Amino acid sequence: MEPGLLRSLLPTNLAHLLKTRPLHALLSDASTSRAARHLFDAVPHPTAALCSAFLSGLSKLSLHLELIEAHLLAALQGAPASRPGCFPLVLKSCALSQRRARAGRRIATPLVRGMLGDVFVQTALVDFYAKNGDMVSAVKVFEEMPVKDPIPMNCLITGYSKSGDVEKARRLFDGMPRRTSASWNSMIACYAHGGEFHEALALFDRMLSEGASPNDITITTVFSICAKTGDIDTGRRARALIGERDLQNMIVHTALMEMYVKCRAIDEARQEFDQMPRRDVVAWSTMIAGYAQNGRPHESLELFERMKATNCKPNEVTLVGVLSACAQLGSDELGEQIGNYVESQRLPLTSYLGSALIDMYIKCGHVGRARNVFTRMEQKVVISWNSMIRGLALNGFADDAITLYEKMVSDGVQPNEITFVALLTACTHAGLVDKGMAFFEEMKKKHHVSPQVEHCACIVDLLCKSGRLWEAYKFICDMKVEPNAVIWSTLLSACRTHADVELAKLAAGKLLALEPDNSSIYVLLSNIYADAGLWGDVREIRDLMRSKNVQKLSAYSWIELDGEVHKFLVQDTYHPRSAEIYSAVDGLGLQLDQTNPDPELISE
DNA sequence: CTAGGGTTAG
């Protein structure tokens, strides 16, 4: 079409636009689908190239369903939308919008026969089949291609990665005549996907030593692997490449932040966050959740307040992080406030958001609100049930927890390890020995969940609480998993309550083998001896402690200031609010440590 | 104007 003719057909504002950039560029880079549609509809007889440009615009906006529809419509109206150039876009949209796999197949099948000459269509077909997990068809199309181009091979590697076929991916990778950065990236991601992080990083090293060019995507993948393995050294090495090769972008920085977060280098994560020129919702969410995960809820909430002052809107992920921070503070007032804020956002109550809300309400003491959230959740997955059962258990509603568990099973939801920890916790808190033992058996036999140390700890606690100490001891000896310190100290504590010196010696011995420097074991044992009037043994323990140079540790205390719970130790100079805690303790008329008249506070 | 690889949560 003549440019002059087109201009005369367009409304004046569009004609003005066209003076600055060609129509196909405007279509391809449109900022909204409305803008693209507006332009495209103004063209009376669009050329094939303009159809491609229009679809490309929708593709860049990730409007996959709209793209498929537009393509069908254009084809029906006789526009040349069936030129080869349009199909890669349509297939890509079909592959990316999962619900359109069948539509994609309807388009793909005739293409396999009709347009095998076009490399772009063939590549799009390989990608489409690979993304749908149909590797047989993907390989078939690929084998018909005349040249072994790296792009379709990368698609195949990614496809094998999705279906867990790391071996086949590697064979393909090894046989590539030419590799691009994406080939390495796909193969590294493939190992990472299969949990073979060591292999993935080894390949990254080989990539560097062979002189291939790592790009922004390579280091993003590497950061994400280092985050999962806690390998901060490799992460730092990859970080050096950002500056060397100018691989800056938002995703790279966010992945790097996440790496620091998971390696517990939270201040370095914050440094990275502060240096970012722009921050999207993922960057904010990563940092907010990062503080929460590293036990720094105040900074998490502080950052959330700062985020609200920007024009970056918090999403579900952000709020899950915020709720987790709020749960850690355990303040009923703040819990109510944040809870109201989150619920006022009118976001759909997904399993993620629902569980985070339940956890938060439970920890802040709003059991009723937690129950209310649970009732409103439409899609309840195992984790949702687990959150609610655990919440009820921790708040002493053992019967409700058990009823909920029974409802879960009758609803056909398969309970997992966590469910039984929650359920057994409920029995422990209520002292329901027989029920607890029965659930333990049900867990193994009916639900095929093998007991972990946490489950066994519940049973030991249960038996100990009802005074069946030797039965608990026998249970520990018969356990399939190695008993840990928690289990032995449960037994040891019970030995004091029930004045069982003989068993106390056994338990303390096992415990000291696991934790030789834990002074509380000596203290407890010495108390048990003292209770029984065995002063000789008490002295022996004291001498032993002195000879082993074991320090007596102070106990933790908790105190609430302004609705927040602070944990502190005697001799603390570190706690940010030590002075206030001090005066609050003073106000209670309590003595922190009688041997030390001027105790300082130590923060956790 | 058409094909490949990457980041956040319970």
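As the structure is a prediction and not an experimental result, all values here were calculated from the model. Per chain, numbering begins at 1; letters A, B, ... match sequence-line order.
Side-chain proximity of A/T180 to B/dG10, B/dT8, B/dG4: nearest is B/dG4. Among B/dT8, B/dA3, B/dC1, the nucleotide with an atom closest to any side-chain atom of A/S56 is B/dC1. The listed nucleotides are B/dG4, B/dA3, B/dT2; the one nearest the side chain of A/K131 is B/dG4. Comparing atom distances between the A/S186 side chain and each of B/dG10, B/dT2, B/dG5 picks out B/dG5 as nearest. If you check B/dA9, B/dG4, B/dT8 against the side chain of A/Y352, the one that comes closest is B/dA9. Considering only the side chain of A/A53, B/dC1 comes nearest among B/dT8, B/dG4, B/dC1. Listed nucleotides: B/dG4, B/dA3, B/dG6. Nearest to the side chain of A/I217: B/dG6. The side chain of A/I151 sits closest to B/dA3 out of B/dG5, B/dG6, B/dA3. Here B/dG6 is the nucleotide among B/dG10, B/dA3, B/dG6 with the atom lying nearest to any side-chain atom of A/D216. Distances from the side chain of A/T158 to the nucleotides B/dG6, B/dG10, B/dG5 place B/dG5 closest.
Rounded to an integer number of Å, the gap from CG of A/D149 to P of B/dG5 is 14 Å. Across the protein-nucleic acid pair, A/M360 atom CE and B/dG10 atom P stand 15 Å apart, rounded to whole Å. To the nearest angstrom, P of B/dA3 lies 12 Å from CG of A/D118. Protein atom CG of A/L96 is 15 Å distant from nucleotide atom C1' of B/dT2, rounded to whole Å. For A/K228 and B/dT8, the NZ to P distance is 6 Å, given to the nearest whole Å. Per the geometry, CG belonging to A/N249 stands 16 Å off P belonging to B/dG5, to the nearest Å.
Across all strands, A/N215 comes closer than 4.0 Å to base atoms (heavy-atom distances). Within the nucleic acid shown, A/D29 has no heavy atom closer than 4.0 Å to any nucleic acid atom. Counting non-hydrogen atoms under 4.0 angstrom, A/S324 reaches nothing in the nucleic acid. Residue contacts for A/S387: at a heavy-atom cut-off of 4.0 Å it reaches no nucleic acid atom on any strand shown. Looking at heavy-atom distances under 4.0 Å, A/V381 makes contact with a base.
Interatomic distance, A/D127 CG to A/T158 OG1, rounded to the nearest 0.5 Å: 8.0 Å.
For the 3.5 Å distance criterion, the side chains of A/N372 and A/T375 fail to qualify, holding no donor opposite an acceptor. Defined by atom type and a distance below 3.5 Å, a donor-acceptor pair is missing between the side-chain atoms of A/Q379 and A/S351. Side-chain contact of A/Y291 with A/R296: a donor-acceptor pair under 3.5 Å is absent, judged by distance alone.
Under 3.5 Å, the side chain of A/S351 and the base of B/dG10 form at least one donor-acceptor pair of N or O atoms.
Within the structure, every side-chain polar atom (N or O) of A/Q293 is placed at least 4.0 Å from both OP1 and OP2 of B/dT8. Listed pair A/K262 / B/dA9 meets the phosphate criterion, a side-chain N or O lying under 4.0 Å from OP1 or OP2. Between A/K363 and B/dG10 there is no side-chain N or O to OP1 or OP2 distance below 4.0 Å. A close approach under 4.0 Å does not occur between any side-chain nitrogen or oxygen of A/T220 and OP1 or OP2 of B/dT7.
The shortest non-hydrogen separation linking A/A401 to A/I389 is CB-O, 3.9 Å.
For the pair A/K92 and A/F87, the cation-pi criterion (under 6.0 Å, within 45° of the ring axis) is not fulfilled. Relative to the six-membered ring of A/F374, A/K380 meets both conditions, a distance below 6.0 Å and an angle of at most 45° to the axis.
Both thresholds, 5.5 Å between centres and 30° between ring planes, are not jointly met by A/F120 relative to the base of B/dA3, so the two rings are not stacked.
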